[in-house]
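For this chain, numbers begin at 1 and follow the sequence in order.
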Amino acid sequence: MAEENILKVLKDLHISYEIQEHIPLFSEKDAQNVEITLQGIDVKNLFVKDKKGHYGLVSMDLHKRADLKKIADALGFGRLSFCTPEELMTYLHITPGSVTPLALMFDKNCRVQVLFDKNFAGNHVIIHPLRNTASVCIAFDDLVRFLEHYNHSYSLADVYKDEELC
């Protein structure tokens with residue numbers, strides 16, 4: 001039901017998308033066994049919090065390592081930890097493995113801050129449609145329009161660990 005609603009919302013907002021079905025993906029390791037034929041940046045999403053009760057959804061390139069300190073600084077949070085499955089259900093109405101910025105439609109009180117990889121601008125992103133057995137590809141600008149429709153703002157930042165050069 002939720003996926004049908006999200007696809008309807010995308011259509012109602014005149015957001016073009018492509019969808020691909022696949023086996024359930026819970027991690028980057030799972031994704032290594034699946035050939036996604038959609039053209040765009042494969043995205044992983046982190047649902048994080050700090051000790052003061054601030055929540056954040058971070059979307060970044062699946063194949064890069066997150067720098068939690070950079071992410072905390074960009075969000076204006078203290079030290080980060082990952083949210084529990086219960087918090088995920090409470091704020092985004094989804095289960096682990098299905099984290100997606102599309103779930104922000106359920107965050108009616110805008111409690112969750114949104115942080116995107118600065119490299120998303122001008123590209124297409126590949127995200128889950130509220131379940132981890134499919135992926136949708138949409139233009140980043142359309143994803144921003146989707147968030148704005150639900151009164152969510154966002155920030156862009158460098159969210160990656162600095163790779164040491166050999």
Side-chain angles (χ1 to χ4, degrees), residues 1-49 54-63 66 71 74-75 82-157 159:
M1 182 67 174
E3 183 188 8
E4 290 174 12
N5 288 341
I6 195 65
L7 296 179
K8 181 180 181 329
V9 169
L10 293 176
K11 286 179 185 174
D12 290 348
L13 292 174
H14 305 288
I15 293 176
S16 302
Y17 65 89
E18 290 182 69
I19 189 165
Q20 180 180 338
E21 301 290 330
H22 49 69
I23 63 170
L25 302 177
F26 292 96
S27 68
E28 183 177 354
K29 185 177 179 183
D30 293 339
Q32 292 173 353
N33 300 320
V34 174
E35 182 182 351
I36 301 293
T37 58
L38 302 170
Q39 297 298 307
I41 298 171
D42 288 324
V43 174
K44 68 178 161 188
N45 298 283
L46 310 175
F47 191 47
V48 296
K49 64 180 177 181
H54 300 115
Y55 290 89
L57 187 140
V58 182
S59 296
M60 58 184 284
D61 188 311
L62 173 68
H63 306 291
I71 291 169
L75 289 169
F82 293 99
C83 293
T84 66
E86 293 78 20
E87 289 167 317
L88 196 53
M89 184 57 71
T90 297
Y91 292 102
L92 300 179
H93 298 212
I94 52 177
T95 58
S98 301
V99 180
T100 175
L102 297 176
L104 290 161
M105 67 186 285
F106 300 114
D107 180 27
K108 302 292 186 201
N109 296 320
C110 295
R111 289 273 325 268
V112 179
Q113 291 185 44
V114 182
L115 181 63
F116 289 122
D117 172 352
K118 69 180 182 178
N119 297 311
F120 285 2
N123 287 299
H124 281 73
V125 292
I126 301 170
I127 55 180
H128 290 309
L130 306 177
R131 63 182 172 94
N132 65 352
T133 56
S135 295
V136 294
C137 180
I138 65 174
F140 178 68
D141 290 344
D142 286 336
L143 179 57
V144 166
R145 213 162 35 88
F146 174 88
L147 291 180
E148 290 171 347
H149 178 76
Y150 288 100
N151 300 311
H152 268 281
S153 59
Y154 69 97
S155 299
L156 294 172
V159 297

**OP:** Decide ring-ring contact (aromatic ring centres under 6.0 Å, His included) for Y91 and F106; before the verdict, give the C-alpha distance in whole Å, the side-chain angles of both, and the deciding distance to 0.1 Å.
**Re:** CA-CA 7 Å; Y91 292 102; F106 300 114; over 10 Å; no
Original post:
Can you find a pair of side-chain heavy atoms, one from I41 and one from H124, that are under 4.5 Å apart?
Top reply: no
**OP:** Would you sort out whether D61 and V43 count as a side-chain contact (heavy atoms from CB on, under 4.5 Å), showing the intermediate values?
**Re:** CA-CA 5 Å; D61 188 311; V43 174; over 6 Å; no
Original post:
Within a strict 4.5 Å, meaning less than it, do heavy atoms of the L38 and S135 side chains meet?
Top reply: yes
Subject >> Residue of the set V144, V114, L57 for which side chain to side chain contact (heavy atoms under 4.5 Å, CB included) holds with H152 >> reply: V114
**OP:** Please report the shortest heavy-atom distance between P96 and L88, naming the atom on each side.
**Re:** N-CD2, 3.4 Å
Original post:
Any side-chain heavy atom of Y55 sitting closer than 4.5 Å to one from F47?
Top reply: yes
Subject >> Between T84 and E87, a side-chain donor and acceptor under 3.5 Å >> reply: yes
Subject >> Pair T133-H22, side-chain donor/acceptor within less than 3.5 Å >> reply: no
Original post:
Can you name the residues that form a salt bridge (Lys or Arg N to Asp or Glu O under 4.0 Å) with R111, not counting sequence neighbours?
Top reply: none
Original post:
Heavy-atom distance under 4.5 Å between the side chains of P101 and F146, does that happen here?
Top reply: no
Subject >> Heavy-atom side-chain contact between S59 and F120 under 4.5 Å >> reply: yes
Original post:
Is any side-chain heavy atom of K49 less than 4.5 Å from a side-chain heavy atom of F82?
Top reply: no
Original post:
Do you see a donor-acceptor pair shorter than 3.5 Å between the side chains of T100 and N45?
Top reply: no
Original post:
Salt bridge between D12 and K8, side-chain N to carboxylate O under 4.0 Å?
Top reply: yes
